[in-house]
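These notes concern the structure reproduced below.
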Amino acid sequence: MSGALRLDLRSGMALKDDAVRLLEEIAAMLELLGEDKFRVNAHHRAARSLEGFGGDLESLVDDPAKLKQIPGIGQKVADKIVELHTTGRIREHDELAARVPRGLFDVLAVPGLGPKTVKAMWDRLGVESIDDLKRIIDDGSILTLERMGQRSVDKIAASLEFLQTSAERLPLGLALPVAERMVEHMRAHKSVTRAAYAGSLRRGRDTIGDIDILVSATDAAAAGEHFRSAPGVVAVLAAGESKSSVRVALDADLGRWGAEEGRAVQVDLRVVPEESWGAALMYFTGSKEHNVRMRERALKKAMTLNEYGLFAQDTDPEPPHKRGIAPIASRSEEEVYAALDLPFLPPEIREDRDELNAGETPRLVECADIKAELHAHTTESDGRLSLDELVQAAIDRGFHTIAVTDHSRSSAQAGGLDVDRLRAQREQIERARETFQGRITILHGCEVDILADGALDFDDDTLAWLDLVVASPHAALSQDAKAATARLIKAVSNPFVHILGHPTGRLIGRRKGLEPAMDELIAAAVEHDTALEINAHWLRLDLRDTHVRAAVDAGATIAIDCDVHALADFDNLRYGISTARRGWVKPEHCINTWPAHKLHTWLART
DNA sequence: GCCGTTTTCGGCCCGACTGTTTTCAGTCG
């Protein structure tokens, strides 16, 4: 196959996704073959760094020097990415794959099994798949391995069971309520002085692997016991002095998400002394990569950082907190950052994406900044709120503007409006404007379908007549990257379109959505002054964080909208805000924060 | 394999828990 043809086939995010996967696999295979651990780690790190890279790999591949500017990517990995781009393969990966059975990746994914154990199973017992693992458990031969007793086997068997039900990461919107209940549960205990959730949940990632709960308590043992007996706990995985792990059933409060029944989420508890709260919260909030950077920075300043605090470095191998040494900083995160000559960094940006060079604490957008909802449905299409109910809900939230944006005709399953119904809706809008006069601005908009070829559902006259146009893709969401790029660029280039709604159409864990060349789409949005939406529903969060960062860097305008269909959807704002903050969105970038006059002037620009 | 406000060579973050061990290896975050 020629390079040119291959180039056409590979675009959008495909190259990045493939590179991340192959680099991770190279790392895993090197590890299973017992290769140098620093080389293994370098591949892990390159993959993680690439994953967080928001730009288009495509545009960098012609200039390997630019590839090398991505942290963790040096000459060798850059060469591999170029090789992947031009040939569709990485020779080193092929060679390793010929030596390491693919099924071992599944075995490696079993909680509690790491490379050392899997390698021993493979070398000594010929395990090459999950089925082989089950076989050596059933026939008892697993017990012949070094350091392998019945208790370990029982844990592996339980992990295999767990994998059947909870292999995927959990959407933020399902995890956060569980975490908040657990924090409340811990605060209710008399010995608990502080409680908070940490981890990727506190960083606001769109999905989370497990929930981290941090508490300080006067009686650590009692707090741990209280934790392990919380409502919903279905299994206790670990019960140490300062650390406990449990699994909590998820199906208790899922309501309309019946499909999630039977799932469980792991919740970890750490009990720390009150005086270490800040260092511990920082440590357990992560990310891992951010923490590594922080420790490296501490070392350069002759200090050492752990979850108990920041300490002056010495040569004693015993951890400083066990020797009664007073930390330089530990009580609050602010204190620790300050001692390392850093501004406080909000949890959402702690991803080792250059945040240590921020200079000052960035003023990121907050829920309280949001003064307008610009994407909302009523009973006229597939919403559950009447027009008056919608408007009242917006007033209750202190908004100065609410836009009514029911679906257009092509979204027939959602009761989309044709031109006649849309025109007729204006009468309702006018009546509501009288009813709520002086209390809020009601905009008559529409969420107009972007058809597969990028054409919109209504002609320009109709679009121009509306106060606000949200253009969104709803169908043909599996078209190839090239078609998707052209389609979305055509939409944002339409002078009557104000906002590109849920640009990719992804549904987290369920549907991948479109994969346009994001740099090109962002550039077009900047050129035509079209806002890119962060759809706040926790199943969408679309744009995703890394693309938001790329958009902000390119000078794009952002809209954060709840895509309201029911009253509770307004509460999804927090998830959209998390994603925005992860993308370094400041209030001035986001049209929903603008004062009424500025927003209305911007909308009326055409 | 990456990286450099002490370095282009020689380093590479830190601690808790578990299970199997008479002192520690493996895993996890």
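The sequence lines fix the lettering, A, B, ..., with proteins before strands; numbering per chain opens at 1. Heavy-atom basis, side chains included; hydrogens, waters and symmetry copies ignored.
Looking at which nucleotide of DNA chain B each of A:V77 and A:N306 is closest to, the 5′-most match is held by A:V77. Between A:N291 and A:G149, the residue whose closest nucleotide on DNA chain B is further toward the 5' end is A:N291.
Taking only side-chain nitrogens and oxygens, A:T304 comes nearer than 4.0 Å to OP1 or OP2 of B:dC14.
If you check every strand for non-hydrogen atoms under 4.0 Å, A:K80 touches sugar and phosphate atoms only. Within 4.0 Å (heavy atoms only), A:M294 reaches no atom of the nucleic acid at all. Within the 4.0 angstrom heavy-atom criterion, only backbone atoms of the sugar-phosphate kind lie near A:A239; the bases stay farther away. Counting any heavy atom pair closer than 4.0 Å across all strands shown, A:H321 reaches sugar-phosphate atoms only and no base atom. When heavy atoms are screened at a 4.0 angstrom cut-off, A:R151 is found touching the sugar-phosphate backbone but no base atom. Nucleic acid contact for A:K155: sugar-phosphate only, since backbone atoms but no base atoms lie under 4.0 Å from a heavy atom of the residue. Residue-level contact check: A:Q75 touches the backbone only, with heavy atoms under 4.0 Å from sugar-phosphate atoms and none from bases.
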- Message: Between A:H321 and A:N306, does the side chain to side chain contact (heavy atoms under 4.5 Å, CB included) criterion hold? Intermediate values first, please.
- Response: CA-CA 9 Å; A:H321 68 277; A:N306 61 31; 4.0 Å; yes
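Rounded to whole Å, the separation between the C1' atoms of B:dC3 and B:dT8 comes to 9 Å. When the C1' atom is used for both B:dT18 and B:dT23, the distance is 15 Å, rounded to whole Å. Taking atom C1' in both B:dT27 and B:dT20, the straight-line distance is 14 Å, to the nearest Å. Using C1' as the reference atom, B:dG11 and B:dT6 are 13 Å apart when rounded to the nearest Å. For the C1' atoms, the distance linking B:dC2 with B:dT7 amounts to 14 Å, nearest Å. The C1' atoms of B:dT21 and B:dC17 are separated by 14 Å, rounded to the nearest whole Å.
Residue ring and base: A:F38 does not count as stacked with B:dC2 (centre distance below 5.5 Å and interplanar angle below 30° not both satisfied).
With a cut-off of 3.5 Å on both Watson-Crick or G-U wobble distances, the partner of B:dC2 is given as B:dG11.
Straight-line distance from the CZ atom of A:R45 to the C1' atom of B:dG11: 13 Å, rounded to whole Å. Atom C1' of nucleotide B:dC2 and atom CG of A:L30 are separated by 14 Å, given to the nearest angstrom. Atom CD1 of A:I70 and atom P of B:dC2 are 12 Å apart (whole Å). Distance, A:E289 CD to B:dC2 P: 17 Å, rounded to whole Å. Following rounding to the nearest Å, A:R270 (CZ) and B:dC17 (P) show an atom-to-atom distance of 6 Å. Between A:L299 atom CG and B:dT7 atom P the separation is 17 Å, expressed in whole Å. As rounded to whole Å, 13 Å separates atom P of B:dC12 from atom CG of A:D36. Rounded to a whole Å, the CE atom of A:M29 is 13 Å from the P atom of B:dG1.
Side-chain contact between A:M121 and A:D132 is absent, with no heavy atoms from C-beta onward closer than 4.5 Å. Looking at A:E128 and A:R102, their side chains never come closer than 4.5 Å, going by heavy atoms from C-beta outward. Residues A:V585 and A:L364 form no side-chain contact, since every pair of their non-hydrogen atoms from C-beta on lies 4.5 Å or further apart. Contact annotation: the side chain of A:E289 never approaches that of A:R353 to less than 4.5 Å [non-hydrogen atoms, C-beta and beyond].
B:dT22: glycosidic angle beyond 90° from 0, hence anti.
Checking B:dA16, B:dC17, B:dT5 against the side-chain heavy atoms of A:A238 singles out B:dC17 as nearest. Looking at the side chain of A:E241, the nearest of the listed nucleotides B:dA16, B:dC17, B:dT18 is B:dC17. Side-chain proximity of A:S152 to the nucleotides B:dT18, B:dT20, B:dA16 is greatest for B:dT20. Looking at the side chain of A:A42, the nearest of the listed nucleotides B:dT5, B:dC17, B:dC2 is B:dC2.
For the residue pair A:T304 / A:Q313, no side-chain donor-acceptor distance below 3.5 Å is found, with atom types taken as modelled. Inspection of the A:E355 and A:H290 side chains reveals an N or O donor paired with an N or O acceptor under 3.5 Å.
Atom CD1 in A:I90 sits 4.5 Å away from atom CG in A:L22 (nearest 0.5 Å).
Under the 4.0 Å criterion applied to side-chain N and carboxylate O atoms, A:E307 and A:R270 are assigned as salt-bridge partners. Taking a cutoff of 4.0 Å between a charged side-chain nitrogen and a carboxylate oxygen, A:E351 and A:R203 qualify as a salt bridge.
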Expected rows: protein N/O vs nucleotides 26-29 of chain B N/O, under 3.5 Å:
residue : atom : partner : partner atom : Å
B:dG26  : O3'  : A:T117  : OG1          : 3.1
B:dT27  : OP1  : A:G114  : N            : 2.7
B:dT27  : OP1  : A:G114  : O            : 2.8
B:dT27  : OP1  : A:T117  : N            : 2.9
B:dT27  : OP1  : A:T117  : OG1          : 2.5
B:dT27  : OP2  : A:K116  : N            : 3.1
B:dT27  : O5'  : A:G114  : N            : 3.4
B:dC28  : OP1  : A:G112  : N            : 2.6
B:dG29  : OP1  : A:D210  : OD2          : 3.2
B:dG29  : N2   : A:Y283  : OH           : 2.3

